[in-house]
Protein chains: 2
Amino acid sequence: MSEQGGFTASARHRDIPEASVARLPVYLRALSGLADAGHVTVSSEGLATAAGVNSAKVRKDLSHLGSYGTRGVGYEVDELVHHISNALGLTQRWSVVLVGVGNLGHALAGYAGFASRGFRIAGLVDADPARVGERVAGLTVRSIDELAEVVTTGGVSIGVIATPAGAAQVVCDQLVAAGVTSILNFAPTVLQVPDGVELRKVDLAVELQILSFHEHRKSVSGAVGA
Amino acid sequence: MSEQGGFTASARHRDIPEASVARLPVYLRALSGLADAGHVTVSSEGLATAAGVNSAKVRKDLSHLGSYGTRGVGYEVDELVHHISNALGLTQRWSVVLVGVGNLGHALAGYAGFASRGFRIAGLVDADPARVGERVAGLTVRSIDELAEVVTTGGVSIGVIATPAGAAQVVCDQLVAAGVTSILNFAPTVLQVPDGVELRKVDLAVELQILSFHEHRKSVSGAVGA
DNA sequence: CCGACTTTGTGAATGCGTTCACGAACGCGT
DNA sequence: ACGCGTTCGTGAACGCATTCACAAAGTCGG
Ligand SMILES: NC(=O)c1ccc[n+]([C@@H]2O[C@H](COP(=O)([O-])OP(=O)(O)OC[C@H]3O[C@@H](n4cnc5c(N)ncnc54)[C@H](O)[C@@H]3O)[C@@H](O)[C@H]2O)c1
Ligand SMILES: NC(=O)c1ccc[n+]([C@@H]2O[C@H](COP(=O)([O-])OP(=O)(O)OC[C@H]3O[C@@H](n4cnc5c(N)ncnc54)[C@H](O)[C@@H]3O)[C@@H](O)[C@H]2O)c1
């Protein structure tokens, strides 16, 4: 009860529905485009079009951050960028360690989107002795044995796994042990993490198979004549 | 009415909830692992553990494909693989065209997971004259001008976009015009597609920003002491 | 052949997310 | 100053997905 007074400003962060959180980055991108195009304000309808959703969703999502719109006008673009960035924690720079500097790892290491979104690659790590020491995207590949050190000294809180599936759980455990509390997994395997560690995954094979399902469905129902 | 009799076998395909479809590939992967480990049958509980979900979800999902389990025993692994593959349309080989053979495109082109899951890369396409003609992963990079031909002669129904965001909508339109009906987009931008074209996206920046949100949330609530 | 045990398949309950719909609030033109 | 048109913010309705919980259906040892 007594602590409620001190919470109100930041308490909003805590109960933003996951589905809304996932759309905030998309709004942010859309807003950048609108700002570049010279828009000072934008209506929920305008932002909705730019973000590929409907306007009710935009308003509901933004309402979780606070009341920053002006009725009859819309939202001020700059202000909204600021509030969304705040909610997503993008006002600080997060450090990332990338484990597995193979085929995909090279592409990720060289990806400009990391830096431009405020994420710093604090280290590249691989288990292959032949890869350790190689310079990739301005960084030297370190040994997996040095993972804990890279995490600690680099202030790393996010780990990206781009190793083969067979190594992913081991790497995941090592990341968690080193103190990483958020993990993005590109390996096609289900990972176990303890409570308190956030896990997200990107799985190309799954995406393709979902597309396959829809192609198949179209061809089956289409063949009948409807 | 007369055609209903002919429908019953395949009609199941049509009303599988999207959320279930998205899990079927994960079950498939889990079942491969179980088969390799020598399991002949598996219970919903066992499959649930392997797939990282709960058993009720597994049973509900599988029930959409038909009644292939045996009460008191579980599901026969091989049979289940067969039925899921059928439902996902993986009994046929789908051809894919990859547009944008840059940093990420190279990694995707060389990705073994394409072929091993039954997807054939029918062509690599790029707009940069310097890239056209280059050999990547056993294929020669073709010009974007030849896209329609690659799609038609290759029997391509799935397109993968790995170009910069600015070119993605144009490429998307070209793919659709060429006859592609499913698209997987890696560029960080919202794409418009006509009805009947399936669109999915993979967005690294969005994933990282979602993780950022959770890191931020942890650090804010953690600082208070609870 | 039977009874105890296991596990499926599925209605019912619950929860979450989306969409609708409208009152309240604001800017602007007159 | 005031009314008009626009747009936000949000309760309520709706729909989809998840989870619960259990009867039905099978196995298997004796
Ligand atoms: N290449 C793609 O386009 C692509 C697409 C989607 C998913 N993936 C997945 O991403 C992962 C990496 O793919 P890739 O094509 O880069 O494979 P890769 O074999 O080229 O690279 C894997 C790298 O991980 C390293 N590694 C292996 N075990 C390790 C360990 N225990 N600790 C640290 N590093 C270790 C290897 O030395 C290698 O450098 C795979 O799981 C793959 O399925 C790849
Ligand atoms: N590299 C990564 O790890 C990574 C990760 C996530 C997302 N992405 C996204 O994937 C896309 C590609 O990234 P990248 O790092 O490979 O960039 P890149 O610049 O290395 O490659 C882009 C390629 O697309 C080609 N291209 C440009 N316009 C084209 C057109 N109209 N038609 C055909 N080809 C065209 C270019 O010639 C180039 O070869 C970007 O949108 C990027 O944001 C990349």
Side-chain angles (χ1 to χ4, degrees), chain A residues 8 11-12 14-27 30-31 34 39-81 83-84 87 190 206 210 213-214, chain B residues 8 12 14-27 30-31 34 39-80 83-84 87 190 206 210 213-214:
Chain A
T8 44
R12 291 206 168 272
R14 290 186 300 179
D15 52 358
I16 304 179
E18 194 60 30
S20 284
V21 171
R23 282 186 295 267
L24 293 180
V26 179
Y27 298 152
L31 289 167
L34 290 166
H39 289 71
V40 175
T41 63
V42 64
S43 65
S44 60
E45 191 63 46
L47 181 52
T49 302
V53 300
N54 71 9
S55 61
K57 214 180 270 187
V58 167
R59 288 197 299 277
K60 185 75 92 176
D61 286 342
L62 296 183
S63 76
H64 293 120
L65 311 184
S67 282
Y68 301 120
T70 306
R71 295 168 190 226
V73 178
Y75 304 87
E76 204 187 326
V77 173
D78 287 347
E79 193 189 355
L80 207 47
V81 166
H83 287 301
I84 295 177
V190 174
V206 167
I210 294 171
F213 169 82
H214 289 291
Chain B
T8 44
R12 290 203 169 272
R14 291 185 300 179
D15 51 358
I16 303 179
E18 194 60 29
S20 284
V21 172
R23 283 187 294 267
L24 293 180
V26 180
Y27 298 153
L31 288 167
L34 290 166
H39 290 71
V40 175
T41 63
V42 65
S43 66
S44 60
E45 191 62 45
L47 180 52
T49 302
V53 300
N54 72 10
S55 61
K57 214 180 273 187
V58 168
R59 289 197 298 278
K60 187 72 96 179
D61 286 342
L62 296 183
S63 76
H64 293 119
L65 311 182
S67 283
Y68 300 120
T70 306
R71 291 166 192 230
V73 177
Y75 304 86
E76 203 186 326
V77 174
D78 287 348
E79 191 188 356
L80 207 48
H83 286 302
I84 295 178
V190 174
V206 167
I210 294 171
F213 169 83
H214 290 291

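Everything numeric here is computed off the predicted structure, so don't read it as measured data.
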Item to complete: Measure the spacing between CG of A:L80 and OH of A:Y27 and express it to the nearest 0.5 Å.
Response: 10.0 Å
Discussion item. Test: salt bridge (Lys or Arg N to Asp or Glu O under 4.0 Å). Region: residues 48-69 of chain A. Which pairs qualify, not counting sequence neighbours?
Written reply: A:R23-A:D61
Fill in: Phosphate OP1/OP2 of C:dT19: any A:K57 side-chain N/O under 4.0 Å
yes
Worksheet item: Cut-off 3.5 Å, side chains only: do A:E18 and B:H214 have a donor facing an acceptor?
Response: yes
Item to complete: Give, ordered by number, those residues of residues 43-53 of chain A having at least one heavy-atom distance below 4.0 Å to an atom of DNA chain D; if nothing qualifies, reply none.
Response: A:S43, A:S44
Practice prompt. Applying salt bridge (Lys or Arg N to Asp or Glu O under 4.0 Å), name anything that partners B:E79, two or more places apart in sequence or on another chain.
Written response: none
Worksheet item: If the sugar-phosphate is the primed atoms plus P, OP1 and OP2 and the base is the rest, what is the B/S/- string for nucleotides 21-30 of chain D, using protein heavy atoms under 4.0 Å?
Response: B--BBBS---
Practice prompt. Kindly say if A:K60 contacts the phosphate of D:dT10, meaning a side-chain N or O under 4.0 Å from OP1 or OP2.
Written response: no
Discussion item. So, taking the atom named CG in A:L24 and the one named CG in A:L31, what distance separates them when rounded to the nearest 0.5 Å?
Written reply: 10.0 Å
Worksheet, complete the sentence: Atom CD of B:E18 and atom P of C:dC16 are separated, to the nearest Å, by 22 Å
Worksheet item: Closer than 4.0 Å, any side-chain N/O of A:Y75 to the OP1 or OP2 of D:dG9?
Response: yes
Discussion item. Tell me the interatomic distance from B:N54, atom CG, to D:dA17, atom P, rounded to whole angstroms.
Written reply: 15 Å
Practice prompt. Using the closest heavy atom to pick a nucleotide of DNA chain C for each, name whichever of B:G74 or A:R23 lands nearer the 5' end.
Written response: B:G74
Worksheet item: CD1/B:I16 to CZ/A:F213 distance, rounded to the nearest 0.5 angstrom?
Response: 4.5 Å
Worksheet item: Can you tell me how far OH of B:Y75 sits from OG1 of B:T70, rounded to the nearest 0.5 angstrom?
Response: 9.5 Å
Worksheet item: Who pairs with A:A30 by side chain to side chain contact (heavy atoms under 4.5 Å, CB included), at least two apart in sequence or on another chain?
Response: A:L47, A:A50, A:A51
Worksheet item: Once you round it to whole Å, what is the distance between P of C:dC26 and OH of A:Y68?
Response: 16 Å
Item to complete: List in chain and number order the residues that pass side chain to side chain contact (heavy atoms under 4.5 Å, CB included) with A:A22, two or more places apart in sequence or in another chain; answer none if no residue qualifies.
Response: B:I210
Practice prompt. Mind calculating the distance between CG (A:L65) and P (D:dC8) to the nearest angstrom?
Written response: 14 Å
Item to complete: Using atom CG of A:L62 as one end and atom C1' of D:dT7 as the other, report the distance to the nearest whole Å.
Response: 13 Å
